**Student:** 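Okay, handing you the structure first.
Just so you know, these numbers come straight off a predicted model, no measurement behind them. For ligands, and for the atoms within them, numbers begin at 1 and follow the listed sequence.
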Amino acid sequence: MGKFSFSQDLGIDLGTANTLVFVKGKGIVVREPSVVAKNNETGEVEAVGSSARNMIGRTPGNITVIRPMKDGVIADYDTTAVMMKYYIKKAMRNRSFFAKKPDVMVCVPSGITMVEERAVIDATKQAGAKDAFPIAEPFAAAIGAGLPVWEPTGSMIVDIGGGTTEVAVISLGGIVTSRSIRKAGDNLDEAIINYIRKQYSLMIGERSAESIKLDIGTAGEAAGDEEMDIRGRDLLTGLPKTITITSKEIAASLNDTVEAIVEAVKNTLEKTPPELAADIMDRGIVLSGGGSLLKNIDQVISDETKIPVFITENPLESVAIGTGKSIEYIRHFRSNSNVSSRPTVE
Ligand code: ADP
Ligand code: MG
């Protein structure tokens, strides 16, 4: 003890969709999709990050594109470690050759099991960390969003990522109540794929589905009636085909997932002690994560809870910023497992 040097330390947001690395004193230096392309024959890594992501749905037989994180947890351990190693290297590329290995603060979904958390810690170490400290994702998101997490006041954060939606009420530096559901951005994409397959017998890829969501996706009812041409493979003829879809039908296809997210928020509110619930009614609910950029999601949550809803300034970065900021408290995290404590998940 006593000899702490945090100059090397990193905060990593290991998300299902995106991985971000925060370097203390510098801020976010890596923002890349959590994607790896591997050669099946040699087992070699062909590409990591955006270049691997551009290959999704476009690979020849000998290359597989892997998203090693699924539903917020590690689905492919070795590939996750390879990816993290690549990003840690990238984040530290200007370091001296003699630089010590970094301590790494890495965020984990609040709902994961001990075994899943252990896997994240081990993968982080395998990727080059001296030591790895887990921080609960909604806690990091709340710090990144600038919420007063250390105060005796209730803050509610809803982080809608690719694989999970995390809802948490935080007060006095701890998670008071939370809920994690494995429904988020990826489910929205899947819902669009399924809808278009059923309705039009058209097969589209996940990249196309995501761009439909980004362009004309809406939570609740679509206000206008935007149209979009989409291309895919006709399941009946096997040939490429173009169809026109409307924002109204896409909104309808997203309904189930949006409802699940709203339900998670409501359930968490129901389990929140009254004083904290009163704080949240005053201060509002804060949304983070890429999924919070879905058009109208803030309005739908606000309508259903009767509580004001705000989207944090940089929804795609708040977890990384919070993870990075909390490096300052790494000693606290070392000694006080309360912060990353496991909330109840049903
Ligand atoms: P994770 O933390 O799981 O990696 P992110 O917080 O990076 O996830 O968010 C990624 C998700 O956000 C993806 O599902 C992506 O499609 C979605 N997303 C990003 N931008 C938008 C947008 N403008 N509208 C709707 N969804 C978006
Ligand atoms: Mg995230």
**Student:** Out of the candidates Thr323, Ile321, Val149, only one should pair with Ile143 under the side-chain contact (heavy atoms from CB on, under 4.5 Å) rule; please name it.
**Tutor:**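 Exactly one option meets the side-chain contact (heavy atoms from CB on, under 4.5 Å) with Ile143, and it is Val149.
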
**Student:** Is the shortest distance from a Lys or Arg side-chain nitrogen in Arg182 or Glu116 to a carboxylate oxygen in the other one below 4.0 Å?
**Tutor:**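 The answer is yes: the pair qualifies as a salt bridge.
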
**Student:** Any chance the side chains of Ser180 and Glu166 put a donor and an acceptor closer than 3.5 Å?
**Tutor:**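 Their side chains do contain a donor-acceptor pair, which is all the 3.5 Å distance test asks for.
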
**Student:** Relative to ligand 1, is Thr164 under 4.0 angstrom through side chain, backbone, both or neither, heavy atoms considered?
**Tutor:**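 It is neither; nothing of Thr164 touches ligand 1.
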
**Student:** Measure the distance from atom 23 (N) of ligand 1 to every protein heavy atom, then report the residue, atom name and distance (to 0.1 Å) of the closest one.
**Tutor:**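 Sorting protein heavy atoms by distance from atom 23 (N) of ligand 1 puts Leu293 CB, 3.4 Å first.
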
**Student:** Give the atoms of ligand 1, by number and element, whose distance to some non-hydrogen atom of Gly289 is under 4.0 Å.
**Tutor:**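 Ligand 1 atoms under the 4.0 Å threshold to Gly289: 6 (O).
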
**Student:** Which protein heavy atom lies closest to atom 2 (O) of ligand 1, and at what distance to 0.1 Å?
**Tutor:**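 Answer, as residue, atom name and distance: Gly15 CA, 3.8 Å.
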
**Student:** Which heavy atom of the protein is the closest neighbour of atom 18 (N) of ligand 1, given with residue, atom name and distance?
**Tutor:**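 The closest heavy atom on the protein side is Gly290 O, 3.3 Å.
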
**Student:** Can you tell me which portion of Met69 lies within the under-4.0 Å heavy-atom range of ligand 1? Options are side chain, backbone, both, or neither.
**Tutor:**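 It is neither part, as no heavy atom is under 4.0 Å.
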
**Student:** Looking only at N/O atoms, are Ala17 and ligand 1 under 3.5 Å apart anywhere?
**Tutor:**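 Looking only at distances, the answer is yes, because the N/O contact criterion of under 3.5 Å is met.
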
**Student:** Considering heavy atoms of the protein only, find what lies nearest to atom 3 (O) of ligand 1 and give residue, atom and distance to 0.1 Å.
**Tutor:**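 Of every protein heavy atom, Gly162 N, 2.7 Å lies nearest to atom 3 (O) of ligand 1.
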
**Student:** Do Ile63 and Val36 sit in one hydrophobic cluster, given that two such residues count as connected whenever their side-chain heavy atoms are within less than 4.5 Å of each other, even indirectly?
**Tutor:**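 Unlinked, Ile63 and Val36 end up in two clusters.
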
**Student:** Quick one: closest heavy-atom pair of Pro152 and Asp279, and the distance?
**Tutor:**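 Nearest heavy atoms, Pro152 then Asp279: O-OD2, 4.4 Å.
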
**Student:** Kindly give the heavy-atom pair with the smallest separation between Ile157 and Ser288, and that separation in Å.
**Tutor:**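 Scanning both residues, the minimum pair turns out to be CD1-OG, 4.0 Å.
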
**Student:** Can you check which of Ser211, Ala320, Gly161 brings a heavy atom nearest to atom 11 (C) of ligand 1?
**Tutor:**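 Nearest option to atom 11 (C) of ligand 1, by heavy atoms: Gly161.
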
**Student:** Would you say the side chain of Val108 lies within less than 4.5 Å of the side chain of Ile121, judging by non-hydrogen atoms?
**Tutor:**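 Ile121 does not reach Val108 side chain to side chain.
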
**Student:** Would you find a donor on one side and an acceptor on the other, under 3.5 Å apart, between the side chain of Lys183 and the backbone of Glu259?
**Tutor:**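 No, because the side chain of Lys183 does not come within donor-acceptor range (under 3.5 Å) of the backbone of Glu259.
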
**Student:** Quick one: look up the protein heavy atom nearest atom 7 (O) of ligand 1 and list residue, atom name and how far away it is.
**Tutor:**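 Nearest neighbour among protein heavy atoms for atom 7 (O) of ligand 1, to 0.1 Å: Asn18 ND2, 2.7 Å.
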
**Student:** Look at the side chain of Arg67 and the backbone N and O of Thr16, then say whether any donor-acceptor pair between them is shorter than 3.5 Å.
**Tutor:**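 It does hold such a pair.
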
**Student:** Relative to the heavy atoms of Gly185, which atoms of ligand 1 are at a distance of less than 4.0 Å?
**Tutor:**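 Once the distances to Gly185 are compared, the set is 14 (O).
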
**Student:** Tell me which protein heavy atom sits closest to atom 16 (O) of ligand 1, plus the residue, atom name and distance to 0.1 Å.
**Tutor:**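 Of the protein heavy atoms, Glu210 OE2, 2.5 Å lies nearest.
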
**Student:** If you look at Glu137, which of its N/O/S atoms is nearest to the Mg ion (ligand 2)?
**Tutor:**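 Distance check against the Mg ion (ligand 2) picks out OE2 in Glu137.
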
**Student:** Which atom names give the shortest non-hydrogen contact between Pro68 and Ile66, and what distance separates them?
**Tutor:**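 Closest heavy-atom pair between Pro68 and Ile66: CD-O, 3.3 Å.
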
**Student:** Does the N or O separation between Gly291 and ligand 1 drop below 3.5 Å for any pair?
**Tutor:**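 So ligand 1 has an N or O lying under 3.5 Å from an N or O of Gly291.
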
**Student:** N/O of Lys213 under 3.5 Å from N/O of ligand 1, yes or no?
**Tutor:**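 Yes - when backbone and side-chain N and O of Lys213 are compared with those of ligand 1, one distance drops under 3.5 Å.
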
**Student:** Quick one: does Gly217 get within less than 4.0 Å of ligand 1, heavy atoms only?
**Tutor:**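 Contact check Gly217 vs ligand 1: negative.
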
